[in-house]
Amino acid sequence: MLFSYVPEMKDIAFHARSSDVLSGAVVSLLFFEPSSRTFSSFSAAIKRLGGQTVEYQNPLATSSAVKGETIEDTIKVFEAYSDAIIVRHSQKGIPLKAAEAAEFVPVINAGDGTGEHPTQALLDLYTLYEHHKTLDNLTGVIVGDLLNGRTVHSLIRGLALYENITVYLLSPQVLKLSPTDYKNFSKRGIKLIEIEQETDIPHDTHFWYWTRVQKERFSDLNEYERVKNRFVLTAKLVKERAGKDTIFMHPLPRVGEIEVDVDKDKRAVYLRSEIRNGLYIRMALLGLILGRL
Ligand code: NCD
């Protein structure tokens with residue numbers, strides 16, 4: 001359903017066609033944690049569809065949040081100003097609280113601490129679908145910070161909705177998926193296999209999803225330094241393990257865990273379609289949620 005609107009969204013954005021899908025609508029972006037891509041792609045998505053935004057970035061540094069306002073009160077204020085609210089927060093669970101507090105408008109989670117990042121999962125799933133023409137029977141590898149990486153959690157949750165999915169998990173010991181997440185995701189029917197090193201990556205999987213070690217979640221920066229580049233996607237690894245249809249994904253930003261050399265490989269979608277799909281998916285999502293599509 002959502003995916004079926006992507007070609008139309010792509011046409012609007014790609015050809016700078018004017019659109020009135022969201023005309024008259026105002027959407028609030030409440031970003032309590034720094035963001036570049038997610039913030040900008042939501043903002044661009046709304047504007048591409050003819051809507052407008054109220055943008056409230058890093059309020060912890062600038063505003064009433066500093067004065068101690070609760071999320072519930074903030075939501076009451078912003079639902080008076082807008083037709084939907086998009087929330088990012090460094091604390092897990094805050095967007096859920098926001099959604100519970102909202103009486104009149106929908107709330108979208110744009111990333112909550114080490115929790116979830118649902119719209120990133122939608123664009124990641126779409127990227128997989130675009131390349132492989134299905135989301136069933138896929139095998140892939142997810143690498144990096146599986147403990148703290150919210151994009152990883154949401155992607156696994158999303159993939160678990162489909163049939164016969166196997167994901168190999170590769171991370172430093174201290175950044176493995178938490179036992180609770182491992183158990184809960186596995187219960188959903190997805191096959192999760194923890195591996196120890198690059199040479200355990202099976203040949204010819206459908207995707208490699210590399211992620212950044214989440215520095216901001218470490219209390220001990222020496223520990224971060226120790227693990228940050230334990231697993232790096234290199235041209236050599238591509239040669240040894242990737243198949244001709246394996247796509248290389250990353251939610252970005254990357255901070256050294258993918259060699260720049262890999263970028264020119266056509267299978268590397270992270271700086272190409274994966275970013276663009278973020279815009280199209282968010283356009284379609286807002287159009288649907290606001291009842292305009
Ligand atoms: C991710 C995030 O914020 O969780 N970035 C993004 O939204 N594209 C990934 C990250 O910060 O590592």
Side-chain angles (χ1 to χ4, degrees), residues 29-46 55 57-60 86-96 98 107-128 140-159 169-172 174-178 181 207-218 221 224-225 227-233 247-258 263 268-283 285-286:
L29 300 171
L30 301 190
F31 277 57
F32 295 86
E33 190 191 49
S35 163
S36 42
R37 257 154 302 272
T38 307
F39 181 85
S40 314
S41 68
F42 265 118
S43 177
I46 294 155
E55 304 189 347
Q57 243 186 324
N58 300 328
L60 291 178
I86 300 166
V87 180
R88 166 170 288 200
H89 204 284
S90 57
Q91 229 176 299
K92 194 170 162 174
I94 293 285
L96 179 61
V107 173
I108 299 175
N109 178 359
D112 63 324
T114 58
E116 301 285 338
H117 195 343
T119 60
Q120 178 73 37
L122 292 174
L123 77 91
D124 288 333
L125 291 173
Y126 183 79
T127 303
L128 282 167
V141 186
I142 302 184
V143 185
D145 194 342
L146 315 184
L147 179 68
N148 302 306
R150 55 195 174 201
T151 68
V152 169
H153 303 155
S154 294
L155 179 59
I156 296 176
R157 194 182 288 281
L159 283 168
L169 304 172
L170 178 61
S171 66
V174 292
L175 298 177
K176 279 166 70 165
L177 205 58
S178 75
D181 279 345
F207 67 92
W208 291 0
Y209 190 89
W210 233 266
T211 64
R212 161 181 86 89
V213 172
Q214 308 275 301
K215 184 178 182 181
E216 64 276 36
R217 314 292 175 210
F218 281 73
L221 284 185
Y224 166 73
E225 290 298 328
V227 294
K228 69 174 184 193
N229 281 339
R230 168 66 189 85
F231 297 110
V232 178
L233 205 180
I247 56 170
F248 312 138
M249 305 171 70
H250 192 302
L252 303 175
R254 76 169 149 182
V255 286
E257 64 279 359
I258 301 184
D263 299 359
V269 297
Y270 44 85
L271 287 170
R272 300 192 179 102
S273 57
E274 197 178 357
I275 302 180
R276 292 181 175 273
N277 289 339
L279 175 68
Y280 311 145
I281 279 287
R282 291 183 174 112
M283 289 168 75
L285 185 69
L286 284 158

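Indexing begins at 1, ligand by ligand and atom by atom, following the structure's order.
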**Prompt:** With a 3.5 Å cut-off and no angle check, do the side chains of T114 and Q214 form a donor-acceptor pair?
**Reply:** no
**Message:** Taking G115's backbone N and O only, do any of them form a donor-acceptor pair with H153's side chain (distance below 3.5 Å, no angle check)?
**Reply:** yes
**Request:** Using the six-membered ring wherever Trp is involved, compare the ring planes of F32 and H89 and label them parallel, tilted or perpendicular (cut-offs 30° and 60°).
**Result:** tilted
**Prompt:** By side chain to side chain contact (heavy atoms under 4.5 Å, CB included), which residues pair with P251, not counting sequence neighbours?
**Reply:** Q120, T151, Y209, T211
**Prompt:** So which residues, sorted by chain and number, lie with a heavy atom under 4.0 Å of ligand 1?
**Reply:** T38, R88, H117, Q120, R150, T151, R212, Q214, P251, L252, P253
**Prompt:** Angle class for the F31/F39 ring planes (parallel below 30°, perpendicular above 60°, tilted otherwise)?
**Reply:** perpendicular
**Message:** Less than 3.5 Å apart, any donor N or O on the side chain of R88 or T38 sitting next to an acceptor on the other?
**Reply:** yes
